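Let me begin by presenting the structure, written as structure tokens, before commenting on it.
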Protein chains: 2
Amino acid sequence: MKTKANIPEKTIERLLIYRRELLNLKQEMKTAVFSHQIAQLTGATPVQVRRDFMQIGYFGSSVHGYNVDELINSIGEFVDDVQTQNVALVGVGHLGRAILDYLQGRREKLKITALFDVDPTKVGSVLHGIRCYPTEQIPEIITHENIKVAIVAVPESNAQEVAERLVWAGITGIVNYAPIKLNLPPEVYVENRDMVLAVEKVAFYSRRVNKKEELL
Amino acid sequence: MKTKANIPEKTIERLLIYRRELLNLKQEMKTAVFSHQIAQLTGATPVQVRRDFMQIGYFGSSVHGYNVDELINSIGEFVDDVQTQNVALVGVGHLGRAILDYLQGRREKLKITALFDVDPTKVGSVLHGIRCYPTEQIPEIITHENIKVAIVAVPESNAQEVAERLVWAGITGIVNYAPIKLNLPPEVYVENRDMVLAVEKVAFYSRRVNKKEELL
DNA sequence: TTAACGTCGTGATTTTTGTAACAACGTTAA
DNA sequence: TTAACGTTGTTACAAAAATCACGACGTTAA
Ligand SMILES: NC(=O)c1ccc[n+]([C@@H]2O[C@H](COP(=O)([O-])OP(=O)(O)OC[C@H]3O[C@@H](n4cnc5c(N)ncnc54)[C@H](O)[C@@H]3O)[C@@H](O)[C@H]2O)c1
Ligand SMILES: NC(=O)c1ccc[n+]([C@@H]2O[C@H](COP(=O)([O-])OP(=O)(O)OC[C@H]3O[C@@H](n4cnc5c(N)ncnc54)[C@H](O)[C@@H]3O)[C@@H](O)[C@H]2O)c1
């Protein structure tokens with residue numbers, strides 16, 4: 001895949017958003033779509049949409065626009081692995097449970113295949129058909145299931161330790177819901193999802209709106 | 001505040017991250033800190049750190065670095081409102097519960113003061129001292145409590161409708177956990193937090209790490 | 001006294017990201 | 001046949017963000 005070299009991160013993010021909406025269009029039996037429609041559905045601009053598709057080497061027709069099915073496949077070829085990627089979820093509390101309920105079955109190529117927790121009442125149980133293991137078994141299971149991606153939903157105080165164990169076991173990508181910066185080797189890709197920061201940011205920008213209105 | 005005009009969004013995000021770590025330093029009784037230490041703790045570069053502080057008009061000393069307390073206050077003066085901002089949480093399921101547990105009491109200037117749900121078993125109950133109201137009362141409560149920020153944690157199928165109701169009631173900032181693009185007036189600030197997209201992105205970049213290792 | 005050091009603040013530069021402009025090309029309708 | 005239309009692909013341009021490079025300024029120690 002020659003194009004794959006230097007696609008901007010922002011483009012990757014948008015491609016995933018496009019796909020989400022394209023899957024909806026497919027549900028609605030739509031077969032073709034124009035860039036300005038995708039833009040409308042996703043909050044991007046039409047030019048941005050077209051350029052993003054250009055970057056992954058998918059070309060539409062100036063008459064019918066883009067073929068929904070083909071486009072979904074092209075994005076998939078680009079962002080997905082050939083095989084399904086297995087995912088581990090560590091910390092099966094309220095948050096972990098919500099994540100599990102929500103994620104499971106949403107994407108063909110992503111599957112949570114192992115849960116980990118320390119709580120003896122949770123270890124050994126099976127949720128959504130997935131077994132919950134004690135954290136001691138992280139190396140064993142991660143290796144055996146060839147898991148590279150993990151979701152960390154444990155309390156702040158345990159997140160660093162858990163993350164290190166995961167990386168040691170072979171994990172190379174982490175979605176981190178704990179409100180700390182994980183200190184890990186730079187080759188591990190970490191996406192942080194601290195909710196407090198999100199709310200703070202929205203609180204900040206929501207205020208500017210109010211300020212603006214006052215001036216009118 | 002004259003500086004407040006044109007601070008980049010990325011800087012705002014980093015300032016909030018800096019503050020999170022500075023609050024930890026304060027807990028540890030640290031009183032001063034250098035830019036390279038903050039950089040280390042947050043994943044930024046030292047220059048970026050200094051630049052960001054420059055932008056909000058806080059200046060350190062080249063000898064002692066930055067005063068932790070003062071810096072926390074300066075960031076606060078910049079990003080926080082003078083009074084506490086009240087926040088509404090809509091959808092008290094697994095996700096909503098986790099958000100509530102986690103957010104409440106973490107920040108002086110942000111407080112969840114109202115819950116909304118449609119489930120009769122939840123409406124009327126009190127969690128963390130906060131009452132859960134039926135969604136019909138959104139306009140009334142939002143107005144009465146002067147709430148401008150809301151967190152949407154309802155199922156996908158209801159998110160758009162709920163968001164519209166919130167905006168109609170006066171909400172100007174939303175953290176959206178439903179996996180859809182909310183179609184709202186452009187002056188409403190929306191932060192989307194779709195977990196599937198986060199995992200997909202991490203899955204993508206985690207793979208590149210593996211690829212790289214293969215080449216060595 | 002002065003030179004070496006470490007850090008800050010900031011102008012200059014590079015890199016990344018987004019936007020505008022427009023040619024190319026079917027399609028439609030005069 | 002031809003002109004007008006709407007959309008795509010792409011080049012050129014602009015804006016935003018990150019990085020580099022260096023002067024300024026206490027502090028330390030020779
Ligand atoms: N970023 C966010 O959006 C957000 C939102 C809510 C919670 N959180 C964070 O996620 C954490 C989990 O939230 P929650 O509401 O599910 O809390 P919770 O207490 O309901 O769940 C935590 C789970 O982690 C397990 N656990 C504890 N230590 C562990 C370890 N060392 N290894 C494996 N599992 C372990 C516990 O047994 C429990 O099941 C919170 O502490 C908070 O830091 C983040
Ligand atoms: N983005 C993410 O990270 C993420 C993760 C998990 C879930 N989700 C989304 O958030 C939603 C909630 O997740 P959950 O696990 O808490 O689901 P849940 O079913 O446990 O909770 C949903 C809650 O919303 C309430 N609700 C339903 N319709 C409502 C309405 N019109 N107004 C007010 N409340 C209403 C329900 O009564 C329930 O209490 C999911 O459907 C999913 O779309 C997002």
Side-chain angles (χ1 to χ4, degrees), chain A residues 2-18 22 25 30-71 74-75 78 186 189 201 204-205 208, chain B residues 2-18 22 25 30-71 74-75 78 186 189 201 204-205 208:
Chain A
K2 65 180 184 308
T3 35
K4 215 157 186 166
N6 20 9
I7 303 277
E9 182 171 333
K10 289 296 174 68
T11 299
I12 301 291
E13 291 177 8
R14 281 194 300 269
L15 285 170
L16 293 167
I17 297 176
Y18 301 150
L22 287 165
L25 290 177
K30 297 278 196 321
T31 59
V33 64
F34 293 117
S35 62
H36 71 263
Q37 298 174 305
I38 299 180
Q40 161 68 25
L41 288 169
T42 59
T45 69
V47 195
Q48 228 169 13
V49 170
R50 294 204 295 275
R51 247 188 52 177
D52 289 341
F53 294 159
M54 205 182 78
Q55 302 215 59
I56 62 170
Y58 183 76
F59 299 97
S61 124
S62 56
V63 180
H64 304 106
Y66 300 92
N67 178 296
V68 173
D69 264 346
E70 285 178 18
L71 188 45
S74 280
I75 296 177
F78 187 78
Y189 189 89
K201 187 179 161 194
F204 176 78
Y205 283 108
R208 324 203 81 198
Chain B
K2 65 181 182 308
T3 35
K4 215 156 188 168
N6 22 10
I7 304 278
E9 182 171 334
K10 289 295 175 66
T11 299
I12 301 291
E13 290 177 8
R14 281 194 301 269
L15 286 170
L16 293 168
I17 297 176
Y18 301 149
L22 287 165
L25 290 177
K30 298 275 197 323
T31 58
V33 64
F34 293 116
S35 61
H36 71 264
Q37 299 175 304
I38 298 181
Q40 161 68 24
L41 289 170
T42 60
T45 69
V47 196
Q48 226 169 15
V49 171
R50 295 204 294 275
R51 263 258 126 110
D52 290 340
F53 295 159
M54 206 181 79
Q55 302 217 58
I56 61 168
Y58 183 76
F59 299 96
S61 123
S62 55
V63 180
H64 303 105
Y66 301 91
N67 179 294
V68 173
D69 264 346
E70 284 178 17
L71 189 44
S74 281
I75 296 177
F78 187 78
Y189 188 88
K201 186 178 163 193
F204 176 78
Y205 282 108
R208 325 202 79 200

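In what follows, every chain begins at residue 1, and chains take the letters A, B, ... in the order their sequences are listed. Please read all numbers here as calculations on a predicted model, not as lab measurements.
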Return the set of residues passing side-chain contact (heavy atoms from CB on, under 4.5 Å) with [X] (not counting sequence neighbours), or none when no residue passes.
X: B:I75; result: B:L15, B:Y18, B:R19, B:L22, B:F53, B:I56, B:L71, B:V79
X: B:T45; result: B:V47, B:Q48
X: B:E70; result: B:Y58, B:N67
X: A:H64; result: A:S61

Inset, instruction - Could you let me know what D:dA3 is paired to, Watson-Crick or G-U wobble, both distances under 3.5 Å, or none if it's on its own? - result: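 Per the H-bond distance test, C:dT28.
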Inset, instruction - Please give the nucleotide sitting opposite C:dC8 as a Watson-Crick or G-U wobble pair, both distances under 3.5 Å, or none. - result: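 Paired with D:dG23.
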Legend entry - Listed partners of B:S35 passing side chain to side chain donor-acceptor pair (under 3.5 Å), at least two apart: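 For B:S35, the residues satisfying side chain to side chain donor-acceptor pair (under 3.5 Å) (neighbours in sequence not counted) are B:R50.
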Legend entry - side chain to side chain donor-acceptor pair (under 3.5 Å) involving A:E13 - partner list, sequence neighbours excluded: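 A:E13: side chain to side chain donor-acceptor pair (under 3.5 Å) contacts with B:K201.
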Starting from [atom2] on [N], measure out to [atom1] on [X] and report it in whole angstrom.
X: A:Y58; N: D:dT7; atom1: OH; atom2: C1'; result: 14 Å
X: A:Q55; N: C:dT17; atom1: CD; atom2: C1'; result: 10 Å
X: A:Y66; N: D:dT8; atom1: OH; atom2: P; result: 5 Å

Legend entry - Separation between CZ of B:R14 and OG1 of B:T11, rounded to the nearest 0.5 Å: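 It is 4.5 Å, given to the nearest 0.5 Å.
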Inset, instruction - Residues of residues 31-44 of chain B with any non-hydrogen atom less than 4.0 angstrom from an atom of DNA chain D: list those, numerically ordered, please. - result: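 Those residues whose heavy atoms fall under 4.0 Å from DNA chain D, taken from residues 31-44 of chain B, amount to none.
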Inset, instruction - If a pair satisfies salt bridge (Lys or Arg N to Asp or Glu O under 4.0 Å) and one of its residues is in residues 59-69 of chain A, list it, with sequence neighbours excluded. - result: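 Of all non-adjacent pairs touching residues 59-69 of chain A, those that pass salt bridge (Lys or Arg N to Asp or Glu O under 4.0 Å) are A:K26-A:D69.
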Inset, instruction - Only pairs at least two apart or in different chains count here, so list each salt bridge (Lys or Arg N to Asp or Glu O under 4.0 Å) that has a residue in residues 31-45 of chain B. - result: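 Those involving residues 31-45 of chain B do not exist here.
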Inset, instruction - Mind checking salt bridge (Lys or Arg N to Asp or Glu O under 4.0 Å) for A:K30 and listing every partner two or more places apart, or none if nothing turns up? - result: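 With sequence neighbours excluded, A:K30 shows a salt bridge (Lys or Arg N to Asp or Glu O under 4.0 Å) to A:E28, given in chain and number order.
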Inset, instruction - Identify the two heavy atoms, one from B:E9 and one from B:Y189, that lie closest to each other, and give their separation to 0.1 Å. - result: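 Answer, listing the atom of B:E9 first, then B:Y189: OE2-OH, 3.2 Å.
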Inset, instruction - At under 4.0 Å between heavy atoms, which parts of nucleotides 10-21 of chain D does protein reach? Answer with one letter per nucleotide, 5' to 3': B base, S sugar-phosphate only, - none. - result: B-B----SSBB-
Legend entry - Base-contact (B) and sugar-phosphate-only (S) positions in nucleotides 25-30 of chain C, heavy-atom cut-off under 4.0 Å, - elsewhere: BSS---
